[in-house]
Number of protein chains: 2
Amino acid sequence: METRELRYFVAVAEEAHVGRAAERLGMAQPPLSRAIAQLERRLGADLFVRTPRGMALTGVGRTLLDEGRAALAAVEAAERRTRRAAEAPGRAPVVLTAKAGASSELMAKLLDAYAAEPGAVAVDVVLSPPGHQALMLRDGRADVAILHRPFDDVSGFDVDELATEEQVLILPSGHPASTSRSMTVAEAGAIPDLPLPRWPSLDGSYPDGPGPELRDLTQVLQLVRLGRASVVLPESARANLRDGLAVVPLTDAPRVTTLIAWPPHSTSAGVAGLVRAAGAL
Amino acid sequence: METRELRYFVAVAEEAHVGRAAERLGMAQPPLSRAIAQLERRLGADLFVRTPRGMALTGVGRTLLDEGRAALAAVEAAERRTRRAAEAPGRAPVVLTAKAGASSELMAKLLDAYAAEPGAVAVDVVLSPPGHQALMLRDGRADVAILHRPFDDVSGFDVDELATEEQVLILPSGHPASTSRSMTVAEAGAIPDLPLPRWPSLDGSYPDGPGPELRDLTQVLQLVRLGRASVVLPESARANLRDGLAVVPLTDAPRVTTLIAWPPHSTSAGVAGLVRAAGAL
DNA sequence: AGCGGGGATACCCCCGAGGTATCGGGAGCC
DNA sequence: GGCTCCCGATACCTCGGGGGTATCCCCGCT
């Protein structure tokens with residue numbers, strides 16, 4: 001199977017519509033129709049059922065979509081990492097990605113510790129929106145990532161644990177609930193006038209619910225200070241708190257583990273060095 | 001990048017010789033030369049240095065070889081799993097692979113436990129030579145594998161631990177060393193007339209050394225019984241021992257962990273069921 | 001029945017992958 | 001030094017298939 005075929009298939013599967021997929025791919029509809037038909041013939045399987053509305057995936061098609069996406073990401077990663085290795089002969093920088101605005105203290109320690117090693121290579125730090133770190137690692141835009149369990153999908157990577165912490169509820173300091181010694185997650189979610197905010201999923205859309213739609217920590221803390229929301233955060237967020245905010249420990253929130261992750265077959269000396277430095281923190 | 005280009009590149013990199021690579025690929029040498037040159041041009045990097053003897057990988061080329069192999073395996077996996085899903089619409093069997101001749105008791109328990117679940121799907125068991133399980137999982141020939149740490153490379157898979165055991169030295173029962181209460185690995189390797197056997201690597205070749213070349217457990221136990229070798233095995237191998245063999249515990253051999261492993265993005269109900277059954281053992 | 005949206009077919013073109021023949025150049029070898 | 005292998009690279013040709021335009025066919029909706 002050629003990657004071109006896979007790209008075509010994934011486009012049609014995602015759009016559920018040959019015409020739209022063709023547009024997205026920058027080509028005409030008929031050759032795309034033919035390519036899909038040919039792929040089905042070669043695999044000896046129906047990947048779609050043709051409905052009057054468009055194309056619907058079959059079970060077999062679903063399998064190919066899952067596997068094909070992973071395969072395409074691997075091919076992209078191969079190309080990107082090769083290009084990056086070519087740019088700076090010998091001493092190509094290693095790209096580390098982390099969630100914008102989190103773990104800054106730990107990251108600083110890590111970068112300092114690694115930079116002090118003999119033969120340390122340059123490290124490009126790329127801050128990206130929550131949840132994108134794993135994607136970047138999978139498709140070769142990054143070489144190492146700082147991830148957070150249980151929020152990030154760690155599967156398929158090699159990881160080392162760096163730190164584990166409890167989560168706490170942040171709420172406006174004047175609020176009656178702010179005097180509680182501790183709380184459960186259920187209780188925190190049920191405070192009547194303080195809804196928990198909603199965070200965007202990977203595609204940028206928001207789940208349904210009552211809470212405000214928010215993108216970053218600064219926003220949410222401001223809203224909490226205004227008495228319009230409360231939020232569950234890892235304990236280390238305490239470092240960023242100003243006046244007007246109260247902290248209540250949560251008894252049953254999942255512990256958050258900060259991890260350093262890298263692709264399993266990585267042979268880069270820079271990655272190995274960073275991981276070693278992280279382990280020694 | 002197309003998979004065809006990647007396949008060509010990997011062939012040339014492995015053969016270090018355009019002519020031989022072309023032969024292996026079933027094509028003529030010139031188009032392959034051109035394809036490689038074109039790939040280098042498109043990536044804007046030298047992947048090989050041309051020597052009078054053939055082609056030698058550059059550092060950049062090394063990167064592409066590592067990443068490219070993984071990418072090709074992923075594409076192959078996508079195609080194979082799709083084909084398998086197509087063969088048996090709805091109820092395609094899940095393929096489980098394990099090392100020939102090991103863990104038979106544990107496997108039997110696992111298969112029984114899973115078969116007892118409601119909605120259990122058929123399980124094809126594929127026994128393959130040691131070390132091949134991870135490869136089969138990577139390229140889609142299998143869906144689940146029984147692996148053994150630290151022997152198998154587990155990176156890139158999701159795993160659950162099933163059991164951990166010590167390793168022991170097996171030697172002929174008449175031998176003077178057989179009366180020891182315990183031993184270190186170094187001592188076991190230094191017994192003068194009882195060399196440790198050599199096992200084949202993934203490509204079928206044997207490492208250099210004094211011990212006999214062996215392929216399977218039956219062979220090696222026979223040789224031990226004849227007083228020509230000794231061997232380090234997990235404790236569970238005791239179950240298969242007949243007369244004429246003595247067992248000495250090793251104090252510093254690494255513990256062997258039996259794992260169930262599956263590809264991280266697996267969505268197969270059969271895989272999930274097997275893993276669940278394994279966890280409940 | 002008429003129409004509109006969506007995929008499939010028919011037919012054509014041309015790019016590029018692959019083949020054969022040949023070249024150029026480095027390494028050994030008398 | 002010149003001869004000869006043994007490489008990979010170039011030149012040149014062929015042809016299949018991927019991509020384009022025009023059009024068809026089918027189905028659902030009004």
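Lettering of chains follows the sequences in order, A, B, ..., and the numbering in each one begins at 1.
- Closest to the A/Met55 side chain, of the nucleotides D/dT21, C/dG19, C/dG7, is C/dG7.
- Nearest to the side chain of B/Val18, among D/dG8, C/dA8, C/dG19, sits D/dG8.
- Nearest nucleotide to the B/Pro31 side chain, out of C/dG19, C/dG26, D/dT10: C/dG19.
- Using a 4.0 Å heavy-atom cutoff across all strands shown, A/Gln38 reaches sugar-phosphate atoms only and no base atom.
- A/Arg34 places its CZ atom 14 Å from the P atom of C/dC12, with the value rounded to the nearest Å.
- For A/His17, the side-chain atoms get nearest to C/dG6 when compared with the rest of C/dG6, D/dC27, D/dT10.
- At least one test fails for A/Arg50 against the ring of A/Phe48: distance under 6.0 Å to the centre or angle within 45° of the axis.
- Checking B/Pro30 against B/Arg20, the closest nucleotide of DNA chain D that is more toward the 5' end is the one next to B/Arg20.
- Donor-acceptor pairing under 3.5 Å, judged by distance alone, is absent between the side chain of A/Arg53 and the base of C/dG6.
- Taking atom CD of residue B/Glu5 and atom C1' of nucleotide C/dG16, one finds them 12 Å apart after rounding to whole Å.
- At least one test fails for A/Arg149 against the ring of A/Phe151: distance under 6.0 Å to the centre or angle within 45° of the axis.
- For the pair A/Glu2 CD and D/dG17 C1', the interatomic distance rounds to 13 Å; values are reported in whole Å.
- Taking atom CE of B/Met27 as the reference point, atom P of C/dT20 lies 11 Å away to the nearest angstrom.
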Quick one, A/Asp46 with A/Thr58, criterion side chain to side chain donor-acceptor pair (under 3.5 Å). Give me CA distance, side-chain angles, the key distance, then yes/no.
CA-CA 7 Å; A/Asp46 288 345; A/Thr58 62; over 6 Å; no
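- At least one side-chain heavy atom of A/Glu14 sits under 4.5 Å from a side-chain heavy atom of A/Arg24.
- Within 4.0 Å of B/Phe48, counting heavy atoms only, lies no atom of the nucleic acid at all.
- Considering only the side chain of B/Gln29, D/dA9 comes nearest among D/dG20, D/dA9, C/dG28.
- When rounded to the nearest whole Å, the span between CG of A/Asp46 and P of C/dG7 equals 16 Å.
- Taking the nucleotide of DNA chain D with the nearest heavy atom to each of A/Pro52 and A/Ala28, the more 5' of the two is matched to A/Ala28.
- Contact annotation: the side chain of A/Ser205 never approaches that of A/Pro200 to less than 4.5 Å [non-hydrogen atoms, C-beta and beyond].
- If you take CD of B/Glu15 and P of D/dC6, they are 18 Å apart, rounded to a whole angstrom.
- Heavy atoms of A/Arg4 sit under 4.0 angstrom from primed sugar atoms or phosphate atoms, though from no base atom.
- Among A/Asp153, A/Asp152, A/Asp143, the single residue meeting the salt bridge (Lys or Arg N to Asp or Glu O under 4.0 Å) criterion with A/Arg138 is A/Asp153.
- Put simply, CZ on A/Phe9 is 15 Å from P on C/dG7, counting in whole angstrom units.
- For the pair B/Arg41 CZ and D/dT10 C1', the computed distance is 12 Å after rounding to whole Å.
- Comparing C/dG7, D/dG19, C/dG26 by their nearest atom to the side chain of A/Arg50 picks out C/dG7.
- The side chain of A/Ser33 contributes an N or O atom lying less than 4.0 Å from OP1 or OP2 of C/dA8.
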